[in-house]
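As structure tokens, the structure follows; a few thoughts come after it.
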Amino acid sequence: MTVRTRFAPSPTGLLHIGGARTALFNYLFARHHGGTFLLRIEDTDRERSTREAVDVILQGLAWLGLDPDEPPLFQSTRAPRHAEIAQTLLAAGHAYRCYATAEELREMRERATAEGRPPRYDGRWRDRDPAEAPPGIAPAIRLRAPREGETVVHDLVQGTVRVANTELDDMIILRSDGTPTYLHAVVVDDHDMGITHVIRGDDHLTNTFRQVQIYDALGWRKPEFAHIPLIHGADGAKLSKRHGAVSVLEFEKQGFLPEALCNYLLRLGWGHGDAEILSREEAIRLFDLDGVGRAASRMDYAKLTHLNGVWLRAADDARLAEDTLHRLAGRPDLTLDATTRARIETLMPALKERAKTLADLADSAAFLARRLPLPFDAKARALLTEDALALLRELAPKLADTDFSVAAIDATLRAYAETTGRKLGAIAQPLRAALTGATTSPPIDATLSALGKTESLARIAAATETMALI
RNA sequence: GUCCCGUUCGUCUAGUGGUUAGGACACCAGCCUUUCACGUUGGUAACACGGGUUCGAGCCCCGUACGGGACGCCA
């Protein structure tokens, strides 16, 4: 049997990391078993579903590299099929028409709650003669669920979970307006799509009992179920649209790499020995459901950031330069032309070594695109003392005589340090301040070389002039 | 309230009856160094609690506490 999984989000909000991880697990499980990964948009709630939300989901999945193997299926297009199956159930006596009004049901729930009983439908139309149907009321269709025994789910993550059927009531499968409810639509679609493994958040675990009842009434073969624990916010509270849930596209904006986010999400709730850094290929090779834990986990930005640094250092320089240019574009204090582009590309190997996010990276590269005079931060200013400026004036001609390869610059600086009896740091720091306006940057020789001789000397001159005035 | 699920360092986890309870992030200290990073060495730090079962329990059983989830003509 070929594995077929699906990610089935409802387009009513954003794609947050909980959904992203569910998609990732479905994708990895399918790939690991040589199967197919599908996407189904659960847009049966026409009121709340939006085209924008669909786009956000699609963009988020694309960014994460979790594209489905077939075009997405929109659940709303399947309403006729859902109704058809409901009629089948009705004809077979596995379902019945319920004429209870919304008002009636509300009262039923309120009374139950007030009396300390679980709020459930009392089955008042289950065995009532349809001839007694009140006129003018469109009925909903309810499943005639078993009243005795228990319903069991053999979950690949949660193990065998069972509930007494007395705990379950007769759920509505088709609303009075003829549209399907979620529980029913999911069963019909998973069946028709040939889904073999339903991998979803464990907030669906108790829903599964009701879905199993529908499968059984239909005599359909059930898929395997795997309910994975939820991700909570850093404070341990549930991730929701109001609380801590941010779109995966927001992570992109903040400078996280998709491979880092996937790596992080994979390790959240899943483990394989001491393996921490996992590429997509390794993840596909190693991932399986038996490594998934059962407890909810918390979002930890520090670890995500660390992982991002790891993947950033491993990333292709050209790709990073491109992203940096993109992030820097539009900043009025910068000049982004072929020259600055070349500087960024040249220095990228050293730049990426000390950045954690693409946003950090862009910030750290900004000095390469600055116009003179440079703005100096407080530490740089403090560093450019009278003595330091004198040193720079003395050093400038020697640099002017140096060919600007990294090795040659290094040699010049070392020679100057030796003849003046200074430590290298005593030379590098003032130089760094003059060239970058800050006290941290890639190695000074590489920085000088990337800037080029003309620009470097201009910056040194500008620094000695402007600082001397203060 | 009822039902379901869970609980190992601050966080993510390894661990499937016998371990000095391992790793990663974070944190602290040292080393490296041309700043910052990277790297590296070391350190602080956990089996929720109470009963069993067993020669022996983080691992098995039962309670308790705490946390989460589900109980819609939402998904």
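Every chain is numbered from 1 and lettered A, B, ... according to where its sequence line falls, protein lines coming before strand lines. This one's a predicted model, so the numbers in the text were calculated from it and none came from an experiment.
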Considering Watson-Crick and G-U wobble pairs with both distances under 3.5 Å, what does [N] pair with?
N	result
B:rA75	none
B:rC32	none
B:rU2	B:rA70
B:rG18	B:rC55

Taking any heavy-atom pair under 4.0 Å as a contact, classify [X]: base, sugar-phosphate, or nothing.
X	value
A:Leu105	base
A:Ala426	nothing
A:Leu268	sugar-phosphate
A:Glu276	base
A:Arg298	sugar-phosphate
A:Arg106	nothing
A:Asp169	nothing

At less than 4.0 Å, is any side-chain N or O atom of [X] found next to OP1 or OP2 of [N]? Yes or no.
X	N	value
A:Arg109	B:rC73	yes
A:Thr44	B:rA75	yes
A:Lys356	B:rC38	yes

Under 3.5 Å, is there a donor-acceptor pair linking the side chains of [X] and [Y]?
X	Y	result
A:His94	A:Asp216	no
A:Thr179	A:Asp177	yes
A:Gln211	A:Thr208	no

What integer distance in Å separates [X]:[atom1] from [N]:[atom2]?
X	N	atom1	atom2	result
A:Leu312	B:rA37	CG	P	16 Å
A:Trp311	B:rA24	CH2	P	18 Å
A:Arg294	B:rU8	CZ	P	13 Å
A:Glu103	B:rC73	CD	P	13 Å

Test: A:Arg142 cationic atom under 6.0 Å from A:Tyr121 six-membered ring centre, within 45° of axis:
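That pair qualifies as a cation-pi contact.
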Ring-face cation of A:Arg285 near A:Phe287 (centre distance under 6.0 Å, axis angle within 45°):
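Verdict for A:Phe287: no cation-pi partner in A:Arg285.
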With nearest nucleotide decided by heavy atoms, which residue, A:Pro118 or A:Cys98, maps closer to the 5′ end of RNA chain B?
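Mapping each residue to its closest nucleotide by heavy atoms, the 5'-most match is A:Pro118.
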Taking the nucleotide of RNA chain B with the nearest heavy atom to each, does A:Gln75 or A:Val310 sit closer to the 5' end?
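That would be A:Val310.
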Distance between P atoms of B:rC28 and B:rU16 (Å, rounded)
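So the two P atoms sit 34 Å from each other.
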Can you tell me, in whole Å, how much space there is between the P of B:rU19 and that of B:rC71?
45 Å
Looking only at the side chain of [X] (C-beta and beyond, no hydrogens), which of the listed nucleotides [options] gets closest?
X	options	value
A:Thr181	B:rA75, B:rU2, B:rG6	B:rA75
A:Asp203	B:rC12, B:rA70, B:rG72	B:rA70
A:Gln429	B:rU35, B:rC73, B:rG39	B:rU35
A:His204	B:rA75, B:rC4, B:rC71	B:rA75
A:Arg120	B:rU2, B:rU34, B:rA24	B:rU2
A:Lys303	B:rG6, B:rA75, B:rC12	B:rC12
A:Arg354	B:rU34, B:rC4, B:rA37	B:rA37

What about A:His197 and A:Phe29, are their ring centers closer than 6.0 Å?
yes
Once you round to the nearest 0.5 Å, how far does CD1 of A:Ile85 lie from NE2 of A:His191?
8.0 Å
With a 3.5 Å cut-off and sequence neighbours excluded, list the donor-acceptor pairs that the side chains of residues 442-452 of chain A form with protein atoms.
residue  : atom : partner  : partner atom : Å
A:Thr447 : OG1  : A:Pro442 : O            : 3.1
A:Thr447 : OG1  : A:Pro443 : O            : 2.9
A:Ser449 : OG   : A:Phe404 : O            : 2.8

Answer yes or no: side-chain N or O of [X] and base N or O of [N] forming a donor-acceptor pair under 3.5 Å.
X	N	value
A:Ser176	B:rC73	yes
A:Asp274	B:rG22	yes
A:Asp300	B:rA26	no

Pair A:Tyr182, A:His204 - check ring pair (Phe, Tyr, Trp, His ring centres under 6.0 Å), show working.
CA-CA 11 Å; A:Tyr182 163 79; A:His204 289 291; 5.7 Å; yes
Kindly state which residues belonging to residues 140-148 of chain A come within less than 4.0 angstrom of RNA chain B, counting heavy atoms of the residue only, listed by number.
A:Ala140
Between A:Arg354 and A:Ala350 (side chain of the first, backbone of the second, donor and acceptor by atom type, cut-off under 3.5 Å), is there such a pair?
yes
